[in-house]
Amino acid sequence: MNTKEQVYTWIDENQNEVVNLLQELIKKPSVNPYFDEEKEYMQEGEAQAVLKKYLDEMGMETEYSYPDAKELAEYEGKPGYYADHTFEGRPNLFAVLRGTGGGRSMMMSGHIDVVQRGSKWSKDPFGAEIVGNRVYGRGTVDMKGGIAAMTVALKAIQESGIRLRGDAMIGTVVDEEAGGMGTLALVAKGYRADGCLITEPTHLDIAPLCRGILWGKLTIEGRAGHIELKQGDFRTGGAVDAIDKASLYLEHFRRLNKDWSVTKEHKYLPIPCQIHTAQFEAGEYPTTFANRAVLTFNAQYLPAEKDENGLGSKVKKEIEDYVRAVAMTDPWLRDNVPKIEWLIDADCGETLDDQPFFQTVRDSAQEVNSQSKVEGICCHTDMGWFCNVGIPTLNIGPGDPRLAHQADEYVEIEELVTCTKMIASILLDWCKVEEVS
């Protein structure tokens with residue numbers, strides 16, 4: 001039996017390890033405090049303590065660190081920095097298993113925080129109930145399943161009597177669901193590796209990039225007037241329907257998307273970047289033309305479009321210029337150009353396919369699961385900061401990402417186990433193994 005077969009056999013014979021660890025993590029509710037949730041469910045620190053105990057028992061060197069907005073002030077204006085975020089009882093956790101030397105190091109990272117419970121659960125969201133081949137609970141997919149898989153992958157190597165030559169590290173962070181200040185703090189503290197695997201849910205696919213995400217609010221001014229009466233020209237005091245002007249932008253956004261479907265596509269993304277209207281607010285009364293309309297939109301951008309701060313200012317300007325150009329086609333809008341308020345700029349990252357880490361991760365993962373394909377993540381992950389400091393980073397994790405944030409979130413046990421084997425395979429191939437004489 002070769003080295004990898006030993007590890008896979010241990011994982012198969014000890015499936016309860018990864019399932020039980022996931023259950024223990026789910027039973028410690030770790031809702032991010034920036035959600036509207038009862039305080040008793042905001043236990044990021046308690047969930048980290050469960051993992052720390054497990055890692056300590058593995059013999060890893062572990063330590064807590066607490067993000068601090070004042071200490072991170074130099075990062076203002078860069079991804080993940082929020083001056084008003086506080087971290088009492090919310091530590092990052094870092095652990096390292098020292099290699100014997102001569103190998104490459106690898107960090108495995110994930111976020112311990114989860115979103116609020118939400119409604120319409122048929123199971124206890126923090127009960128970690130097993131039904132058939134599924135573990136249910138908030139965070140099973142996003143992303144405590146990935147944390148359990150990466151941890152037990154390393155334990156399986158240990159328990160099989162195999163020693164890695166390179167250092168294996170685990171870094172679990174807080175605050176990802178509210179902007180990513182945990183990962184910023186982890187990187188700012190100086191933790192580095194030759195490669196990083198983030199175990200966000202990818203349904204076992206290999207994701208070498210994630211897109212940047214912009215949220216914006218476009219406010220379009222009109223002029224109120226009686227909706228049942230004939231209105232004169234706006235230049236002589238007539239009403240201007242803000243809904244009508246907003247409809248113009250909806251149409252032009254559709255035209256822009258046709259252009260973006262060509263100019264903002266990527267060979268590893270299933271869909272191109274687009275600008276989508278998510279909310280439309282307008283009108284004050286049924287007998288009055290809308291005085292104002294507000295479109296809240298979501299726009300995505302590619303890693304190649306990042307600015308010098310790692311954010312999406314170039315795409316913001318592109319959208320602002322487009323809004324202004326559309327306004328120039330309409331007499332009212334020309335004198336009342338709509339304004340954009342930017343709400344969110346979530347950063348992105350990419351590891352190119354000519355990089356050794358990309359190739360090792362792809363080949364090692366597909367050796368275990370040949371159906372795993374290379375496909376980027378269309379939403380945000382924390383990979384941006386690792387890439388920014390020169391650490392090649394990819395995402396692989398168990399679970400269907402479409403189940404994240406839903407009621408009755410679950411992960412398939414078989415997929416959890418397969419992912420554990422995939423990560424073990426990557427560790428063995430990247431860090432290399434100390435040969436037994």
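If you read the sequence from its start, that first residue is 1, and numbering goes on from there. Since we're looking at a predicted model, the values are computed, not measured.
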**Message:** Distance alone, cut at 3.5 Å: any donor-acceptor contact between the side chains of W215 and E341?
**Reply:** no
**Item:** Donor + acceptor pair across side chains of Y54, E17 (<3.5 Å)
**Value:** yes
**Prompt:** Does a donor on one side chain and an acceptor on the other come within less than 3.5 Å for Q300 and N298?
**Reply:** yes
**Asked** Yes or no on salt bridge (Lys or Arg N to Asp or Glu O under 4.0 Å) for K317 and D321, after CA distance, side-chain angles and deciding distance?
**Response** CA-CA 6 Å; K317 186 178 186 302; D321 289 347; 2.8 Å; yes
**Prompt:** Under 3.5 Å, side chain of N395 to main-chain N/O of E200, donor-acceptor pair present?
**Reply:** no
**Message:** Testing K316, K264, K314 one by one against E305 for a salt bridge (charged side-chain N to carboxylate O under 4.0 Å, His left out), which residue passes?
**Reply:** K264
**Prompt:** Within the side chain of R90, is there an N or O that forms a donor-acceptor pair under 3.5 Å with the backbone of N32?
**Reply:** no
**Prompt:** Are Y81 and W385 close enough that their ring centers fall under 6.0 Å?
**Reply:** no
**Request:** Could you tell me the separation between the CG atom of L51 and the CD1 atom of I147, rounded to the nearest 0.5 Å?
**Result:** 6.5 Å
**Message:** Looking at R223 and G238, would you say the former's side chain and the latter's main chain have a donor-acceptor pair under 3.5 Å?
**Reply:** yes
**Under 3.5 Å side-chain donor-acceptor pair for S313 and D307** = yes
**Prompt:** Looking only at atom types and distance, does a side-chain atom of R255 sit under 3.5 Å from a main-chain N or O of L250, one as donor and one as acceptor?
**Reply:** no
**Cationic N near anionic O, under 4.0 Å, K70 to D68** = no
**Message:** Run R235 and D233 through salt bridge (Lys or Arg N to Asp or Glu O under 4.0 Å) and show every step you take.
**Reply:** CA-CA 5 Å; R235 299 174 187 85; D233 188 275; 3.0 Å; yes
**Side-chain donor or acceptor of T202 paired with backbone N/O of G397 under 3.5 Å** = yes
**Request:** Answer with yes or no whether the side chains of D408 and S122 bring together a donor and an acceptor at under 3.5 Å.
**Result:** yes
**Message:** In terms of relative ring orientation, are Y41 and F126 parallel, tilted or perpendicular, with 30° and 60° separating the classes?
**Reply:** parallel
**Prompt:** Y64 ring centre to K52 NZ or CZ under 6.0 Å, with the angle to the axis within 45°?
**Reply:** yes
**Asked** So with a 6.0 Å cut-off around CD of E88, is the heavy-atom count from everything else above 12?
**Response** no
**Prompt:** Going by atom types alone, do N388 and K306 pair a side-chain donor with an acceptor below 3.5 Å?
**Reply:** yes
**Message:** Just checking E40: does its CD atom have more than 12 heavy atoms from other residues, nucleotides or ligands closer to it than 6.0 angstrom?
**Reply:** yes
**Request:** State whether a side-chain donor-acceptor pair under 3.5 Å links D113 with S30.
**Result:** no
**Request:** With salt bridge (Lys or Arg N to Asp or Glu O under 4.0 Å) as the test, would you mind laying out the steps for E251 and R254 before giving the verdict?
**Result:** CA-CA 5 Å; E251 174 57 32; R254 282 191 283 270; 3.1 Å; yes
**Message:** Whether the D345 and Y301 side chains hold a donor-acceptor pair (N or O, under 3.5 Å, no angle test) is what I'd like checked.
**Reply:** yes
**Asked** Any donor-acceptor pair under 3.5 Å linking the side chain of D194 with the backbone of S105?
**Response** yes
**Message:** Atom CG of residue position D36 - does it have more than 12 heavy atoms of other residues, nucleotides or ligands inside 6.0 Å?
**Reply:** no
**Message:** What I'd like to find out is whether the side chain of L214 reaches to under 4.5 Å of the side chain of I344, using heavy atoms alone.
**Reply:** no
**Prompt:** Any side-chain donor-acceptor pair under 3.5 Å between H203 and E415?
**Reply:** yes
Show which side-chain atoms of residues 276-291 pair as donor or acceptor with protein atoms under 3.5 Å away, not counting sequence neighbours.
{"residue": "N291", "atom": "OD1", "partner": "A224", "partner atom": "N", "Å": "3.2"}

**Message:** Parallel, tilted or perpendicular, judged at 30° and 60°: which one describes the rings of Y34 and H85?
**Reply:** parallel
**Request:** Could you give me the CA-CA distance, side-chain angles and deciding distance for D56 and K53, then say whether salt bridge (Lys or Arg N to Asp or Glu O under 4.0 Å) is met?
**Result:** CA-CA 5 Å; D56 286 338; K53 182 175 182 292; over 6 Å; no
**Prompt:** Between D353 and Q359, what is the shortest heavy-atom contact and its length?
**Reply:** O-NE2, 3.2 Å
**Request:** Measure from the side-chain N and O atoms of R211 to the backbone N and O of L302, and report whether any donor-acceptor pair falls under 3.5 Å.
**Result:** no
**Prompt:** M150 and L427: side chain to side chain contact (heavy atoms under 4.5 Å, CB included), yes or no, with the steps?
**Reply:** CA-CA 10 Å; M150 70 191 195; L427 279 165; over 6 Å; no
**Ring-face cation contact, W121 with K123, 6.0 Å cut, 45° max** = no
**Asked** For the atom pair CD (E176) and NE2 (H380), what is the distance rounded to the nearest 0.5 Å?
**Response** 5.0 Å
**Backbone N/O of G110 and side chain of D382: donor-acceptor pair under 3.5 Å** = no
**Request:** State whether the side chain of E71 and the backbone N or O of A185 hold a donor-acceptor pair below 3.5 Å, judged by distance alone.
**Result:** no
**Complete:** Heavy-atom nearest pair, C378 first then L269, reads SG-CD2, 4.2 Å
**Message:** Testing the 3.5 Å rule here: is there a donor-acceptor pair between the side chains of Q48 and T172?
**Reply:** yes
**Asked** Does any non-hydrogen side-chain atom of E375 lie less than 4.5 Å from one of Y268?
**Response** no
**Donor-acceptor pair between E412 and N133 side chains, under 3.5 angstrom** = yes
**G137 backbone acceptor or donor facing T140 side chain under 3.5 Å** = yes
**Prompt:** With a 3.5 Å cut-off and no angle check, do the side chains of R134 and Y136 form a donor-acceptor pair?
**Reply:** yes
**Neighbour count >12 (heavy atoms, 6.0 Å) for atom CD, E38** = yes
**Item:** Residue among D142, D175, N92 satisfying side chain to side chain donor-acceptor pair (under 3.5 Å) with H111
**Value:** D142
